Amino acid sequence: MTQQRDPAPAPAALAPVPAATALPDPPAPGRHRRRSYRDRLTAPLPGVRAVTRLAREAGALRPGTEARRDVPLLPSAPAPLPPAGPGVLALTWAGHASWVLRIGGLTVLTDPVWSHRILGTPARVTPVGVPWASLPPVDAVVISHNHYDHLDAPTLRRLPRTTPVLVPAGLGRWFRRRRFTRVHELDWWQGREIGGVTFDFVPAHHWSRRGLLDTCRTLWGGWVLTDPQGRKVHFAGDTGYGHWFTEIGRRHPGIDLTLMPIGAYAPRWWLRDVHCDPEEAVAACADLGAGRMAPMHWATFLLSAEPVLEPLTRVRAAWARTGRPREDLWDLPVGGSRTL
């Protein structure tokens with residue numbers, strides 16, 4: 001059973017945000033008809049000069065031969081899903097930004113990409129961490145935005161069309177065209193409740209595009225999932241570093257775990273505004289007030305120029321510098337699981 005839930009009111013005396021990102025109150029949850037969400041950008045999209053520079057620097061978005069030699073060392077350990085009853089919060093990393101979350105008795109997939117290859121990207125360098133056939137029935141799917149490495153049509157075609165899908169504003173039409181019947185389309189700070197679990201859509205520092213003429217026509221963001229016992233998981237989706245993490249933490253205090261991207265960050269002049277590097281991911285975890293962090297968005301598709309193992313070594317070093325307990329960094333292999 002799905003229950004609509006009104007957006008939570010903003011707390012008083014919020015810190016001001018830059019004028020370019022100040023938001024009006026969102027419309028009521030439902031179908032969204034805005035033509036553009038460019039006003040939600042927290043940094044300008046690359047212009048002609050940046051695109052020209054990228055074209056000159058051949059290979060700037062792929063690791064070189066030397067960096068690729070460590071591909072066989074990428075952590076991958078597919079294993080059966082751990083048992084998870086209604087009172088257990090468990091997660092398994094399927095690779096990239098795809099997680100299998102068992103929360104409040106539900107099985108939830110985040111940005112499910114089970115394909116071996118996605119448009120415009122080399123094939124996976126590690127196998128999918130969870131075979132599709134071994135998944136329990138999927139109770140809900142959350143989508144962060146419409147880029148091909150996060151919204152994968154071949155994977156979504158495997159789902160029953162009655163599966164509840166929670167998507168950013170403007171993206172509901174994409175799912176309804178594919179005959180999904182339980183599409184929940186949300187703006188930032190809006191939420192839904194499904195089976196006792198609350199799904200809140202929250203901001204991210206990113207953008208959207210799927211074709212040549214639809215830049216920022218749909219929204220982007222992350223999710224905060226809260227189980228009936230009050231435990232909270234933040235799924236960051238795809239994001240750069242910025243002020244929204246502090247704001248999310250203020251509106252959703254007591255986040256137990258954040259699933260945070262740490263890869264696809266080089267070259268920085270090109271990707272800084274839309275992808276965290278490992279040190280920024282650790283800082284974002286602190287801004288959120290999250291108790292634990294599970295890195296993602298690396299070790300699956302080679303989307304950028306950093307050496308393939310560097311995200312892991314840098315995030316471990318950044319975490320150690322904070323003095324936080326090592327066991328609160330859930331640096332799982334692809335296919336690895338943890339239970340809260």
Side-chain angles (χ1 to χ4, degrees), residues 4-43 45 97 110-111 140-147 150-151 164-175 183-194 197-209 214-226 232-253 255 258-261 273-276 284 287-290:
Q4 178 171 317
R5 194 176 60 80
D6 292 332
L14 291 177
V17 301
T21 57
L23 300 177
D25 291 335
R31 299 192 182 192
H32 293 255
R33 299 298 186 190
R34 289 183 56 167
R35 287 188 56 82
S36 176
Y37 290 89
R38 283 181 178 269
D39 60 321
R40 305 292 180 88
L41 292 170
T42 46
L45 294 176
T110 70
D111 287 0
V141 173
V142 298
I143 301 294
S144 64
H145 66 300
N146 70 355
H147 288 160
H150 293 258
L151 179 63
V165 290
L166 297 105
V167 305
L171 195 53
R173 185 179 182 187
W174 189 94
F175 283 87
V183 181
H184 307 284
E185 189 176 353
L186 279 69
D187 204 330
W188 289 348
W189 311 124
Q190 291 179 339
R192 281 289 195 278
E193 183 179 309
I194 298 176
V197 175
T198 302
F199 297 77
D200 286 292
F201 190 49
V202 297
H205 299 273
H206 206 61
W207 65 301
S208 70
R209 189 178 74 183
D214 65 345
T215 300
C216 297
R217 292 283 182 89
T218 64
L219 195 50
W220 52 91
W223 296 89
V224 175
L225 282 64
T226 307
K232 299 179 183 180
V233 177
H234 170 251
F235 169 63
D238 213 352
T239 182
Y241 179 70
H243 71 278
W244 282 128
F245 294 111
T246 300
E247 180 71 3
I248 294 165
R250 289 171 68 106
R251 297 192 185 216
H252 296 280
I255 292 171
T258 179
L259 313 178
M260 187 66 63
D273 294 327
V274 294
H275 286 167
C276 290
D287 293 348
L288 288 164

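All values below come from the heavy atoms of this structure, side chains included, with hydrogens, waters and symmetry mates left out. Because the structure is predicted, anything quoted here is derived from the model rather than measured.
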R40 vs W188, side chain to side chain contact (heavy atoms under 4.5 Å, CB included): CA-CA, chis, key distance, verdict = CA-CA 10 Å; R40 305 292 180 88; W188 289 348; 3.6 Å; yes
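- Between R251 and V202, every side-chain heavy-atom pair lies at or beyond the 4.5 Å cut-off.
- Between S144 and P168 the shortest heavy-atom distance is O-CG, 3.3 Å.
- With R217 contributing its side chain and R35 its backbone, the two residues share a donor-acceptor pair below 3.5 Å.
- Counting only distance, with no hydrogens or angles, the side chain of H206 and the backbone of V274 share a donor-acceptor pair below 3.5 Å.
- Among all heavy-atom pairs drawn from C216 and R38, the shortest one is CB-CG, 3.7 Å.
- Interatomic distance, F199 CZ to L166 CG, rounded to the nearest 0.5 Å: 5.5 Å.
- Between the side chains of D238 and H150, at least one donor N or O lies within less than 3.5 Å of an accepting N or O.
- Atom CZ of F201 and atom CD of Q190 lie 9.5 Å apart (nearest 0.5 Å).
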Going through the distances and angles, do W207 and H147 end up as a side chain to side chain contact (heavy atoms under 4.5 Å, CB included)?
-> CA-CA 9 Å; W207 65 301; H147 288 160; 3.4 Å; yes
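- Put simply, the side chain of L288 reaches to within 4.5 Å of the side chain of M260, judged on heavy atoms.
- Inter-residue side-chain proximity for P261 and H275 is flagged as unmet; no heavy-atom pair is nearer than 4.5 Å.
- No donor-acceptor distance shorter than 3.5 angstrom exists from the side chain of T239 to the backbone of C276, with no hydrogens or angles considered.
- With W223 contributing its side chain and I143 its backbone, the two residues share a donor-acceptor pair below 3.5 Å.
- Atoms NE2 and CG, on H252 and D200 in that order, are 4.0 Å from each other to the nearest 0.5 Å.
- Annotation: the span from L171 atom CG to L186 atom CG amounts to 11.5 Å, rounded to 0.5 Å.
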Verify side chain to side chain contact (heavy atoms under 4.5 Å, CB included) between V167 and T218, making sure each step is shown before the conclusion.
-> CA-CA 10 Å; V167 305; T218 64; over 6 Å; no
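- Between D39 and R34, at least one side-chain N (NZ, or NE/NH1/NH2) sits under 4.0 Å from a carboxylate O, which counts as a salt bridge.
- Below 30°, between 30° and 60°, or above 60°: for H205 and W244 the angle between ring planes is between 30° and 60°, a tilted geometry.
- To the nearest 0.5 Å, atoms OG (S36) and CG (L219) are separated by 10.5 Å.
- Considering CG of L225 and NE2 of H234, their distance stands at 10.5 Å, rounded to 0.5 Å.
- Taking the six-membered ring where the residue is Trp, F245 and Y241 present parallel rings, their angle staying beneath 30° rather than reaching 60°.
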Test W189 against E247 for side chain to side chain contact (heavy atoms under 4.5 Å, CB included), laying out the working first.
-> CA-CA 11 Å; W189 311 124; E247 180 71 3; 3.6 Å; yes
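- Between the side chain of N146 and the backbone N or O of R209, at least one donor-acceptor pair lies under 3.5 Å.
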